[in-house]
Amino acid sequence: MFPSFCIAKASRRPRAGNTRHQLCSSPPPKWCIRKGWSLARCSSTCEVTPQESSVNLKVFESYFVEKVNSYLLKTAEAIPFFELYFFMLVSQLNTWLKNCLTVNQAKQIHAQILVNNLCSLEPRLVCQLVFSAFNFSPAVFQYVQGILWHLQKPDSFSWSCTIRYFSQHGQFKEAFILYAQMQRWGLCPSTFSISSALRACGRIGYKIGGISIHAQVNKYESCHNVYVQTALLDFYAKIGTVENAQRIFDEMDERNVVTWNSMLDGYLKYGDLALARQLFNEMPVKDIVSWNSMISGYARSRDMHRACSLFQQMPDKNLASWNAMISGFVDNGKIDLAQCYFDTMPQRNNISWITMISGYSKCGDVDSARNLFSLMQEKDQLAFNSMITCYAQNSRPKEAIQLFDEMLKANFNAQPDKMTFASVISSCSQLGDLRFGPWIESCVSRLGIEMDDHLVTALIDFYAKSGSVDKAYVLFHGLYKKDLVAYSAMILGFGLNGKVSAASELFEEMLGAQICPNSVTFTGILTAYNHAGLVEEGYQCFNSMKKYGLMPSTDHYGIMVDLLGRAGRLEEAYDLIASMPVKPHAGVWGALLLACRLHDNVKLGEVAARHCFNLEHDKTGYSSILANIYASNERWDDAKSLRKSVKHEGSAKMPGCSWIESG
DNA sequence: GTAGGGTTAG
């Protein structure tokens with residue numbers, strides 16, 4: 001509970017002769033107790049439940065009550081107690097602020113700040129709110145913004161702190177909005193609000209924002225400040241205009257190691273490794289960041305040899321150095337070496353674990369990923385996200401959703417965010433059950449997740465794959481920016497739902513919007529033609545892939561084989577498989593086998609089935625199709641002996657489970 | 001105060 005009574009600055013002089021107010025009358029009053037001497041509990045103004053107990057204040061409070069009662073008339077002795085109480089109250093509020101975790105708690109503490117007229121604590125509250133590790137939902141942002149707007153005294157420091165905190169906690173858009181608003185309040189931005197806002201613009205690639213700040217910087221004296229100049233340099237390096245970064249770098253009177261590092265990072269992002277290495281060699285002082293940046297630069301360009309060499313040469317290594325190496329091995333498909341470094345490193349943090357988990361996820365080793373995840377001591381939001389993503393991307397949607405449930409129950413440090421939902425929604429679309437729709441939407445609104453284009457695209461895929469293509473299209477229309485992924489999802493959605501003309505129109509629209517299709521887009525459009533049985537259009541589309549610099553994948557061949565096969569062009573389908581530059585997987589031969597079943601072709605059916613048998617351990621489905629082909633051709637003996645041999649191998653078909661019976 | 005290492009959608 002909050003302290004049982006309120007303290008406020010005396011707003012008017014108390015009436016003379018009233019002993020109750022004698023305490024405040026002389027010397028000139030500083031504070032008085034509003035609710036009288038009985039210290040009766042104020043109508044409970046607040047029910048904050050801070051993490052730390054308020055025992056000290058409570059102890060003091062009872063002591064105070066006792067003292068006040070016994071010294072009721074001895075004004076001079078009561079006042080020091082009273083002031084002390086006030087300071088304790090402030091310190092208690094500070095403690096609570098430190099532990100304030102939710103907007104609700106913040107609102108309650110804020111109410112107490114206002115009621116006690118302790119407005120000097122408001123900036124603290126703002127900073128604490130944004131500094132806390134809890135989720136930065138739009139509600140928090142709005143609340144913080146509200147406090148800043150209504151500060152009794154516009155305070156540049158609170159604004160700057162808030163901008164910096166938002167910028168440091170990945171809330172870049174918010175940081176920039178606050179930066180812009182700050183100036184509407186007539187506050188001159190400090191050098192560190194400028195650099196924070198620039199950082200925010202650089203991170204989200206908000207070019208206009210950063211360039212405006214650059215233009216504005218000249219208005220202030222800050223244009224010669226090394227931090228501001230470094231932030232500007234870094235901004236241009238991040239958005240990829242290295243020439244501008246270079247110009248700022250050249251014109252700087254004073255450079256520190258961060259300036260050099262930012263320039264180095266610019267070269268590395270730009271992909272000019274030789275220039276980066278030259279700068280690295282020229283640096284007057286290298287710190288650990290310089291070494292780490294250079295190592296990850298090499299790792300990103302798949303030069304693990306040079307990365308290793310630098311790693312061995314560097315005078316001091318920190319966690320980031322080891323993590324950069326692990327990440328490099330993971331990105332280069334060397335999970336064993338990554339594991340080796342992971343085992344060797346002197347200390348690990350969550351980044352090390354998460355890098356390994358995502359590494360195993362990328363190579364499809366879900367069990368190893370799960371094993372690492374379960375060994376993690378403190379699972380944070382990103383750890384849950386990486387494991388959920390691992391399940392989602394490795395076709396284990398049920399486990400993804402199960403883990404999401406655990407995450408909701410687990411703890412406060414791991415609240416789902418939009419990245420979590422991207423994978424959760426993806427899992428739901430794999431399950432293709434429309435009933436997940438309302439569940440997703442209620443979770444999203446309950447947790448205050450902002451629906452960005454990324455999430456909406458995942459939802460488009462979900463609704464399209466669950467059969468609600470109209471809803472998907474409505475969402476598609478509402479997208480802020482329709483990108484390649486969104487178009488591909490929608491085209492596939494139309495394709496799966498048999499809307500071939502809509503798919504092909506959308507494909508044209510996408511080309512008109514200068515968006516270059518990739519292999520997923522072609523999967524979508526080919527699926528559409530396949531569903532409609534449009535062989536010629538399919539062929540044309542398949543052949544046009546080269547025009548976009550794309551090699552048809554095994555999946556694309558599979559769709560074409562299916563399309564040709566269903567149309568009865570079995571020989572052609574077989575020739576297409578024979579012409580494949582890569583080895584066809586069982587899906588491709590399976591498509592031909594199915595087509596042979598459809599058209600009762602024993603000769604090709606046997607060939608296709610033989611390939612399927614060689615490629616897949618579980619032969620039951622394929623042999624069942626082949627047996628059916630035999631039966632249709634009245635080759636009862638062959639059908640019988642095939643079924644018998646499969647039974648003999650101990651993998652008898654589970655009754656009613658064959659995917660072919662329904663297909 | 002600035003910089004480096006990790007998790008999203010088709």
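Letters A, B, ... are given to chains in the order of the sequence lines, protein chains preceding strands, and every chain is numbered from 1.
If you check every strand for non-hydrogen atoms under 4.0 Å, A:L319 touches a base. Backbone-only engagement by A:D234 is indicated by non-hydrogen atom pairs under 4.0 Å involving sugar-phosphate atoms exclusively. Using a 4.0 Å heavy-atom criterion, one finds that A:K362 contacts the sugar-phosphate atoms exclusively. Using a 4.0 Å heavy-atom cutoff across all strands shown, A:L455 reaches no nucleic acid atom at all. Among the heavy atoms of the strands lying under 4.0 Å from A:T389 are primed sugar atoms or P, OP1, OP2 only; no base atom is included. Contacts of A:K465 with the nucleic acid, taken as non-hydrogen atoms under 4.0 Å apart, involve only primed sugar atoms and P, OP1 or OP2.
Non-hydrogen atoms lying under 4.0 Å from DNA chain B are contributed by A:N349, A:N350, A:I351, all within residues 328-351 of chain A.
Regarding contacts with the backbone of B:dG4, a side-chain N or O of A:K238 is found under 4.0 angstrom from either OP1 or OP2. For the pair A:R203 and B:dG4, the criterion of a side-chain N or O lying under 4.0 Å from OP1 or OP2 is met. Between B:dA3 and A:R199, a contact under 4.0 Å exists linking OP1 or OP2 to a side-chain N or O. Neither OP1 nor OP2 of B:dT7 sits under 4.0 Å from any side-chain N or O of A:Q393. Phosphate contact (OP1/OP2 of B:dA3, side-chain N/O of A:S262, threshold under 4.0 Å): absent.
Applying the salt bridge (Lys or Arg N to Asp or Glu O under 4.0 Å) criterion to A:K482, with sequence neighbours excluded, gives no partner residue. For A:S386, the side-chain contact (heavy atoms from CB on, under 4.5 Å) criterion is met by A:I354, A:I357, not counting sequence neighbours. Evaluation of the side-chain contact (heavy atoms from CB on, under 4.5 Å) rule for A:Q514 yields no partner, not counting sequence neighbours. Under the rule for a side chain to side chain donor-acceptor pair (under 3.5 Å), the partners of A:K465 that lie at least two apart in sequence or sit in another chain are A:D461. Residues that satisfy the side-chain contact (heavy atoms from CB on, under 4.5 Å) test with A:L550, not counting sequence neighbours, are A:F522, A:M545, A:Y548.
Between A:D250 and A:R247 no salt bridge is recorded (no basic side-chain N to carboxylate O distance below 4.0 Å). Note on A:R348 versus A:E378: no salt bridge recorded, every NZ/NE/NH1/NH2 to OD/OE distance being 4.0 Å or above. Here A:E406 does not pair with A:K379 in a salt bridge; the nearest charged N to carboxylate O distance is not below 4.0 Å.
For A:D380, the listed nucleotide lying nearest its side chain is B:dG6; candidates were B:dG6, B:dA9, B:dA3. In this structure, the nucleotide among B:dG10, B:dA9, B:dT2 sitting nearest to the side chain of A:S196 is B:dT2. Here the nucleotide nearest the side chain of A:T457, chosen from B:dT2, B:dT7, B:dA9, is B:dA9. When distances run from any side-chain atom of A:T521 to the nucleotides B:dT7, B:dG5, B:dG10, the shortest one goes to B:dG10. Nearest nucleotide to the A:N256 side chain, out of B:dG10, B:dG4, B:dT2: B:dT2.
The base of B:dG5 is paired with the side chain of A:N323 by a donor and an acceptor separated by under 3.5 Å. The base of B:dG10 does not come close enough to the side chain of A:D483 for any donor and acceptor atom to sit less than 3.5 Å apart. Remark: the A:S488 side chain and the B:dG10 base include a donor-acceptor N/O pair separated by less than 3.5 Å. Between the base of B:dG5 and the side chain of A:N318 there is no donor-acceptor pair shorter than 3.5 Å.
Rounded to whole angstrom, the span from the CE atom of A:M490 across to the P atom of B:dG10 amounts to 15 Å. As rounded to whole Å, 15 Å separates atom P of B:dA9 from atom CG of A:L492. The distance from atom CG of A:L382 to atom C1' of B:dG5 is 12 Å, rounded to the nearest whole Å. Between the C1' atom of B:dT8 and the CG atom of A:L484 lies a distance of 16 Å, rounded to the nearest Å. Protein atom CE of A:M387 is 14 Å distant from nucleotide atom P of B:dT7, rounded to whole Å. Taking atom CH2 of residue A:W353 and atom C1' of nucleotide B:dT7, one finds them 17 Å apart after rounding to whole Å. Rounding to whole angstrom units, CD1 of residue A:I515 and P of B:dG10 are separated by 17 Å. B:dG6 atom C1' lies 14 Å from atom CZ of A:R300, rounded to whole Å.
From A:N332, atom CG reaches atom CZ of A:R302 across 5.0 Å, with rounding to the nearest 0.5 Å.
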